[in-house]
Amino acid sequence: RDLLPIAQTMQTPVTLMRNAQFQAKTVPELITLAKSKPGALDCASTGVGTVQHVSLELLNQKAGIKINHVPYKEMGSVRNDLFAGRIPLLFSNVPGTVALRTSKDVACMAHTGPRPVEVLPGVPAISEVIPGFETWEWNGLFAPAGTDPALISRLNAEVNAVMKMESVAKRLAELGALTQANTVAEFTAFREKQIAFFAEMVKSADIRIE
């Protein structure tokens, strides 16, 4: 409540990565394997309470499975363990996955968006198996509470103009970051929806920061 939304600058689906040698190659295969070995599979993220962690807990809930969450402090370590097969699964994001798409040691199993991701051709959505499954990593610009609404509106217009610049739009598209013009009201509504979703997931999955 100390921050006022100005504009959303990008959003991108979360991705589910796997070691290339991992037994399950698809989400249905993963669900079947997890059901046959409850609590025996591990999946990494870069922290407790991140959208990647929440995506794993949502998968556990929706699929009726139990895959253990293994939090890492930074991406370098988790990538090393994923490449070596010490951890079989990782919830990441589209930009991070794009950077690894030529690797023979890892593969992208699925993403959490509702539509195909242009920079990850052939990668299916989890929602194809679990209807309605959707999580996002996103960024936006905020101002301190109490900022003049007229200034907020002006900044929103200027941010949207920058996002439409050819060089900016092209670079973000290359990274798999989805962008679109948005009003202050639209970004505010999106943020409120995200807050409600995370609050429910933290409660239902009993996520705690130790």
Side-chain angles (χ1 to χ4, degrees), residues 3 5 7-18 27 30-31 34 41-63 65-79 81-82 87-101 106 108-120 123-142 172 175-180 182 186-210:
L3 299 173
Q8 186 183 67
T9 53
M10 60 82 72
Q11 66 182 82
T12 181
V14 174
T15 55
L16 178 56
M17 303 288 291
R18 63 172 176 83
V27 172
L30 175 60
I31 293 173
L41 301 180
D42 294 330
C43 180
S45 83
T46 51
V48 175
T50 60
V51 65
Q52 287 78 19
H53 177 197
V54 168
S55 298
L56 171 61
E57 298 299 346
L58 185 64
L59 178 62
N60 280 334
Q61 290 183 11
K62 296 290 188 181
I65 57 178
K66 176 55 181 175
I67 298 176
N68 303 314
H69 176 234
V70 182
Y72 281 70
K73 292 183 178 180
E74 48 88 24
M75 183 57 73
S77 295
V78 68
R79 283 185 176 176
D81 284 355
L82 182 69
I87 192 84
L89 299 165
L90 163 68
F91 267 107
S92 183
N93 58 28
V94 172
T97 301
V98 168
L100 301 177
R101 60 186 168 183
V106 296
C108 185
M109 184 182 293
H111 66 79
T112 65
R115 295 175 295 278
V117 177
E118 185 174 345
V119 293
L120 296 176
V123 175
I126 294 178
S127 60
E128 294 177 21
V129 179
I130 304 174
F133 195 106
E134 185 177 314
T135 59
W136 297 98
E137 185 171 288
W138 56 274
N139 298 110
L141 190 64
F142 294 83
L172 289 172
L175 294 171
L178 307 179
T179 62
Q180 62 180 7
N182 59 102
E186 288 170 339
F187 183 36
T188 299
F190 175 83
R191 184 185 74 155
E192 292 303 312
K193 185 177 180 180
Q194 289 291 297
I195 289 173
F197 167 70
F198 269 83
E200 175 59 31
M201 285 302 303
V202 166
K203 181 179 178 180
S204 62
D206 193 27
I207 296 174
R208 300 173 183 270
I209 298 178
E210 301 297 336

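Values below: all heavy atoms of this structure, side chains included; hydrogens, waters and symmetry mates excluded. Numbers here simply count residues along the sequence, with the first being 1.
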Q) CD1 of I130 to NZ of K62: how many Å apart, nearest 0.5 Å? A) 8.5 Å

Q.
Can you confirm whether L100 sits close enough to R79 that some side-chain heavy atom of one is under 4.5 Å from a side-chain heavy atom of the other?
A. yes

(Q) Is any side-chain heavy atom of V123 closer than 4.5 Å to one of V117? (A) no

**Q.** Point-to-point distance, once rounded to the nearest 0.5 Å, from CD1 of I207 to CE of M201
**A.** 6.0 Å

(Q) Does any part of the side chain of S92, heavy atoms only, come nearer than 4.5 Å to the side chain of M75, both counted from C-beta? (A) yes

Q) Does T9 use its side chain to pair, donor to acceptor, with the backbone of N139 at less than 3.5 Å? A) yes

Q. Under the ring-ring contact (aromatic ring centres under 6.0 Å, His included) test, which residues partner H53, sequence neighbours left out?
A. H69

(Q) Does E192, at its CD atom, have more than 12 non-hydrogen atoms belonging to other residues, nucleotides or ligands within less than 6.0 Å? (A) yes

Q: Kindly write out the residues that satisfy ring-ring contact (aromatic ring centres under 6.0 Å, His included) with F198, not counting sequence neighbours, or none if the list is empty.
A: none

Q: Indicate the atoms forming the closest heavy-atom contact of Q194 with W138, along with that distance.
A: OE1-NE1, 3.4 Å

Q) Is P95 close to T12 at the side-chain level, that is, under 4.5 Å between some pair of heavy atoms? A) yes

Q) Which pair of heavy atoms, one from R101 and one from V119, lies closest together, and at what distance? A) NH1-O, 3.2 Å

Q: Verify side chain to side chain contact (heavy atoms under 4.5 Å, CB included) between V94 and L175, making sure each step is shown before the conclusion.
A: CA-CA 7 Å; V94 172; L175 294 171; over 6 Å; no

Q: Compare all side-chain heavy atoms of L30 with those of I67 and state whether any distance is below 4.5 angstrom.
A: yes

Q: Test M109 against V27 for side chain to side chain contact (heavy atoms under 4.5 Å, CB included), laying out the working first.
A: CA-CA 7 Å; M109 184 182 293; V27 172; 4.2 Å; yes

Q) What closest approach, in Å, do A44 and V78 show between heavy atoms, and which atom pair accounts for it? A) CB-CG2, 3.3 Å

**Q.** Interatomic distance, F91 atom CZ to L16 atom CG [nearest 0.5 angstrom]
**A.** 4.5 Å

Q: Calculate, to the nearest 0.5 Å, the distance between atoms OG1 and CG belonging to T15 and L90 respectively.
A: 7.0 Å

Q) Which atom names give the shortest non-hydrogen contact between P13 and L178, and what distance separates them? A) CD-CD1, 4.3 Å

Q. Got a donor-acceptor contact below 3.5 angstrom from the N93 side chain to the V14 backbone?
A. no

Q) How far apart are the closest heavy atoms of E186 and N182, and which atoms are they? A) OE1-CA, 3.2 Å

Q: Classify the angle between the aromatic ring planes of F190 and F187 as parallel (below 30°), tilted (30 to 60°) or perpendicular (above 60°).
A: parallel

Q) Donor-acceptor pair, S127 side chain versus P114 backbone, under 3.5 Å? A) no

Q) For the atom pair NZ (K66) and CD (Q61), what is the distance rounded to the nearest 0.5 Å? A) 10.0 Å

Q. Between V54 and F197, is any pair of side-chain heavy atoms under 4.5 Å apart?
A. yes

Q.
Contact between F133 and T112 at the side-chain level, heavy atoms closer than 4.5 Å - yes or no?
A. yes

**Q.** Atom pair CE (M17) and CD1 (I87), whose distance is rounded to the nearest 0.5 Å
**A.** 13.5 Å

**Q.** V51 versus W136, closest heavy-atom pair with distance
**A.** CG2-O, 3.2 Å

Q. Going by heavy atoms in the side chains, are L89 and D42 under 4.5 Å from each other?
A. no

**Q.** Exercise: do Q180 and Q8 side chains pair donor with acceptor under 3.5 Å
**A.** no

